[in-house]
Amino acid sequence: MLNLNTVQFKEMFGISLEFAQYFIQYRHDEHDNRSKLTVNDEIIFFLTWFRHHLRLVFLSHLFMISIPTAHRKTKVLLRWFNKICSPLLDTPPDKEWRRKHSVPYLNSRVRLVYVIDGSEQATNSPTMGEWYRDIEFYSGKKGQHSINVLVVVSITGKVLWLSRSYGGVFNDGALVDKDHGWVSLFDKHEFGVADLGFHTSGKYQLIVPPANRSSRLYKYLSHYRIVVEQTIGAIKNYHACSDIIRCKTTTNSVLEDHNLRWRVGAAVVNHDHYLGQDW
């Protein structure tokens with residue numbers, strides 16, 4: 001494929017050649033013969049966009065298709081990749097798995113099983129005539145227009161749950177109140193670690209560190225909080241999950257598309273983490 005060896009392919013697209021061939025095998029069953037792209041080109045098209053977030057005009061020239069066709073292909077393949085990757089993200093961990101991948105919290109029955117944090121992705125600032133429509137996307141924390149999502153990972157770094165996507169006006173604490181579906185995945189004695197931005201302790205089975213950064217408890221919890229930051233960083237290695245979102249936030253599908261990109265990124269990171277493969 002593209003006459004690249006396995007190392008070159010990993011550097012170019014962020015996944016192994018073998019994993020790409022896994023997608024090609026599945027795509028053959030659903031490929032539309034009327035498509036202007038071959039199955040191989042479809043997969044390479046999407047991986048190029050997802051890894052580098054290249055502009056559609058460049059992709060249209062690269063694959064010799066129109067810009068509207070490139071846009072439609074991106075939309076269709078994003079949903080298809082999410083469908084194929086969903087088992088890597090939507091399979092809840094069983095009790096035995098959670099026991100193995102958790103630690104006791106101090107001297108209590110409580111076990112630390114997961115870590116939670118929010119992540120913002122910047123969007124275009126609105127034009128003067130549309131500012132009033134974009135209020136829900138303005139993040140006072142970052143001073144920019146953005147989309148926010150909550151990520152829950154195990155203390156070993158596997159993504160266990162991803163919230164829906166929301167406008168940047170909702171900070172981490174507000175997002176938790178709107179979307180706390182991860183709670184149903186865990187028993188009452190299984191808690192997670194959050195940072196001070198969640199401004200709540202015990203609620204939604206979250207433990208927040210003390211304000212005193214020099215305390216032993218703060219340092220102890222920081223050891224686990226860094227795990228979610230590393231996992232989010234791995235997801236953001238895919239530019240589709242980190243570059244500025246160029247479409248207008250007034251577009252109806254902007255939150256849905258953002259969430260699909262993050263789900264695919266999280267699922268690919270899980271594949272890397274769970275199977276321990278180097279790709």
Side-chain angles (χ1 to χ4, degrees), residues 14-15 85 88-106 108 110-121 141-142 148-163 165 171-173 175-176 179-187 189-238 241-242 259 261-279:
I15 68 172
C85 290
L88 292 169
L89 193 63
D90 294 336
T91 305
D94 59 34
K95 194 168 185 176
E96 180 62 20
W97 191 95
R98 299 196 307 268
R99 186 189 66 78
K100 289 181 178 179
H101 297 81
S102 63
V103 293
Y105 177 60
L106 304 180
S108 66
V110 170
R111 296 189 68 83
L112 299 182
V113 184
Y114 61 93
V115 195
I116 185 172
D117 201 4
S119 183
E120 290 188 19
Q121 185 172 358
K141 176 182 177 182
K142 295 290 182 70
N148 205 355
V149 65
L150 289 177
V151 183
V152 172
V153 307
S154 69
I155 62 171
T156 53
K158 183 181 179 182
V159 181
L160 302 178
W161 181 85
L162 202 70
S163 75
S165 298
N171 58 26
D172 293 345
L175 277 187
V176 166
D179 201 343
H180 43 270
W182 80 86
V183 176
S184 62
L185 301 177
F186 305 101
D187 293 338
H189 67 281
E190 295 175 331
F191 275 61
V193 179
D195 61 30
L196 291 170
F198 288 83
H199 59 71
T200 179
S201 184
K203 194 177 182 182
Y204 306 129
Q205 295 172 222
L206 294 177
I207 296 173
V208 176
N212 182 5
R213 294 175 177 267
S214 62
S215 70
R216 292 180 63 185
L217 181 57
Y218 184 95
K219 294 177 180 178
Y220 172 75
L221 294 176
S222 295
H223 172 72
Y224 295 105
R225 291 209 323 275
I226 196 172
V227 174
V228 70
E229 296 172 3
Q230 292 171 338
T231 300
I232 289 174
I235 296 172
K236 286 189 169 185
N237 280 335
Y238 296 94
C241 299
S242 58
N259 203 250
R261 290 194 295 269
W262 273 74
R263 283 180 56 82
V264 172
V268 173
V269 168
N270 267 2
H271 180 275
D272 190 7
H273 173 271
Y274 191 64
L275 296 182
Q277 294 181 358
D278 181 22
W279 49 259

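Since the model is a prediction, treat every value here as computed from it, not as a measurement.
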Under a 3.5 Å distance rule, please check whether [X] uses its side chain to pair with a backbone N or O of [Y] as donor and acceptor.
{"X": "Asn270", "Y": "Gly157", "value": "no"}
{"X": "Gln205", "Y": "Glu190", "value": "yes"}
{"X": "Tyr238", "Y": "Gly14", "value": "yes"}

### Rounded distance (nearest 0.5 Å) linking atom CD1 of Ile226 with atom CG of Asp117
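Between atom CD1 of Ile226 and atom CG of Asp117 there are 12.0 Å.
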
### Message
So, taking the atom named NZ in Lys158 and the one named NE2 in His271, what distance separates them when rounded to the nearest 0.5 Å?
### Response
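The NZ atom of Lys158 sits 11.5 Å away from the NE2 atom of His271.
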
#### Entry: Stepwise side-chain contact (heavy atoms from CB on, under 4.5 Å) test for Val227 and Val153
CA-CA 8 Å; Val227 174; Val153 307; 4.2 Å; yes

### Task
Give the ring-plane orientation class for Trp182 versus Tyr114, where under 30° counts as parallel, over 60° as perpendicular and anything between as tilted.
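Plane angle over 60°, so perpendicular.
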
### Task
Could you check if a side-chain atom of Val176 sits within less than 4.5 angstrom of a side-chain atom of Leu150, using non-hydrogen atoms only?
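Val176 reaches Leu150 side chain to side chain.
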
### Residues Leu112, Ile207; criterion side-chain contact (heavy atoms from CB on, under 4.5 Å); working and verdict
CA-CA 9 Å; Leu112 299 182; Ile207 296 173; 3.6 Å; yes

### Task
Starting from the C-alpha separation in whole Å, work towards a yes-or-no answer on side chain to side chain donor-acceptor pair (under 3.5 Å) for Ser119 and Lys236.
CA-CA 10 Å; Ser119 183; Lys236 286 189 169 185; 3.1 Å; yes

#### Entry: Stepwise side-chain contact (heavy atoms from CB on, under 4.5 Å) check, Phe198 with Val193
CA-CA 10 Å; Phe198 288 83; Val193 179; over 6 Å; no

### Query
Salt bridge between Arg111 and Asp187, side-chain N to carboxylate O under 4.0 Å?
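No salt bridge links Arg111 with Asp187.
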
### Message
Is it the case that over 12 heavy atoms from other parts of the model lie below 6.0 angstrom from the CG atom of Leu217?
### Response
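Yes, CG of Leu217 has more than 12 neighbouring heavy atoms, counting only those of other groups under 6.0 Å.
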
